[in-house]
Amino acid sequence: MGAGRLSNAYSSRNRSLRRLGVVAALAAEARAFCPSMIHDQREVFSVLEDGSLLAVSGIGFAAAAVAARALVAAPVSALMTFGLAGGLDPALESGAVVLPAQVISTSGARFDTCRSWRARLAAEIGSSQAAVDGTLLSSALLLDSPAKKEAMFQETGAVAVDMESAAVAAVAAAHQLPFVALRVIVDTASDALPRSVIAASQGGRLRIGSLLAGLSPGQIKALLGLALRYRAAKGSLRAVAAAGAKAPLDSDSYLS
């Protein structure tokens, strides 16, 4: 369902909720909400059953910021990033859920997430598994080796890393909208990440042909390990998406 066909599900029964805008970098992440979704790059966003708007941005700061601004203009009154992340804390395994209290960027920007909304999400998710808080790092560069992850963990104390959340948090801050990030660990602190995975995922859709063409023989083992990690993370993403209570309440103000 596209941008021009808003759902009637956001009706009187949802008037106590803010309209939520969700940014997912990849269509594979977004399908945790909509398993049958076919990502059409001509559409700005999809409409979920509860009236929330879901945008598949593609990877990186710039793409995520464009998607967040489009959602604000739709309009929405709260923003969330949703999807996968890399582990920086060695204690986190694939499939661990991260609901950070703060999002930081490698440029030095810091954004607090909405406390009351985050607490309700943690309570809903906690029925199946506990969510980790702490700090989420958004990096403009891929942290593709255990050494790079260890260095950032020591430097920032962040438990996980993605490439979009700080950009969406900045848009939310500019408009004084409640913001949370909800991430699931896929590659752990000890995993190397083949660069071809990111290169094949630009635009929000994984291109298997590009991925295979970009692999060197030495990366095949790492990719097979990542496939097992992804299976665990995908299961957690689906469980989190099914947990409910995603949208914040009208009483949830920016950062409260």
Side-chain angles (χ1 to χ4, degrees), residues 23-26 28-29 57-65 81-111 113 131-170 181-204 206-207 210-234 236-237:
V23 177
L26 301 175
E29 297 167 329
S57 66
I59 293 172
F61 279 48
T81 58
F82 177 86
L84 303 174
L88 298 182
D89 184 342
L92 295 184
E93 298 181 353
S94 298
V97 178
V98 179
L99 261 175
Q102 187 176 69
V103 174
I104 64 175
S105 75
T106 46
S107 66
R110 291 181 175 269
F111 305 94
T113 59
V132 177
D133 54 15
T135 299
L136 173 68
L137 171 69
S138 280
S139 175
L141 300 176
L142 178 65
L143 302 184
D144 57 355
S145 71
K148 291 178 182 177
K149 293 177 182 180
E150 169 66 16
M152 277 298 175
F153 181 55
Q154 295 299 328
E155 180 180 337
T156 67
V159 299
V161 60
D162 72 3
M163 302 182 76
E164 296 83 30
S165 288
V168 178
L182 205 169
R183 294 285 175 168
V184 171
I185 299 298
V186 56
D187 53 301
T188 68
S190 61
D191 290 324
L193 186 62
R195 286 183 174 271
S196 54
V197 172
I198 298 295
S201 302
Q202 299 302 320
L206 181 62
R207 296 170 175 81
S210 299
L211 173 59
L212 296 177
L215 284 176
S216 66
Q219 291 178 320
I220 294 176
K221 183 178 179 180
L223 183 63
L224 291 175
L226 186 62
L228 294 176
R229 305 276 196 253
Y230 176 72
R231 184 177 300 176
K234 189 175 179 180
S236 287
L237 275 180

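Using a 4.0 Å cut-off between charged side-chain N and carboxylate O, D191 and K149 make no salt bridge.
Residues E164 and I59 have side chains in contact (heavy-atom distance under 4.5 Å, counting atoms from C-beta outward). Taking 4.5 Å as the limit, every side-chain heavy atom of V159 sits out of range of all side-chain heavy atoms of L88. Counting only heavy atoms from C-beta outward, the side chains of F82 and V23 never approach each other to under 4.5 Å. For the pair F153 and L137, the minimum side-chain heavy-atom distance is 4.5 Å or more. Residues L92 and T188 have side chains not in contact (no heavy-atom distance under 4.5 Å, counting atoms from C-beta outward). With contacts defined as side-chain heavy-atom distances shorter than 4.5 Å, the pair L136/I104 does not qualify. The side-chain heavy atoms of T106 and M152, taken from C-beta on, include a pair separated by under 4.5 Å.
The minimum heavy-atom distance linking D133 with V98 is given by the pair O-CG1, 4.3 Å. The shortest heavy-atom contact between P100 and T135 is CB-C, 4.2 Å. Between S57 and A63, the closest heavy-atom pair is O-CB, 3.3 Å. The two atoms that bring A181 and L99 nearest to each other are O-CD2, 3.4 Å, heavy atoms only. Of all heavy-atom pairs spanning F61 and A140, the tightest one is CE1-N, 3.7 Å. In terms of heavy atoms, S190 sits closest to P146 at O-CG, 3.4 Å.
Looking at S94, its side chain does come within 3.5 Å of a backbone N or O of V186 through a donor-acceptor pair. At least one donor-acceptor pair closer than 3.5 Å links the side chain of E29 to the backbone N or O of L26. Of the possible donor and acceptor atoms, one in the side chain of S138 sits under 3.5 Å from a partner among the backbone N and O of A166. A distance-only check finds a donor-acceptor pair linking the side chain of T113 to the backbone of A101 [under 3.5 Å]. Proximity of a side-chain donor or acceptor of S145 to a complementary backbone N or O of K148 within less than 3.5 Å is detected.
A distance of 4.5 Å separates OG1 of T81 from CZ of R183, quoted to the nearest 0.5 Å. Rounding to the nearest 0.5 angstrom, the gap separating the CE atom in M163 from the CG atom in L143 is 8.0 Å.
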Working for side-chain contact (heavy atoms from CB on, under 4.5 Å), residues V132 and V97: CA-CA 6 Å; V132 177; V97 178; over 6 Å; no
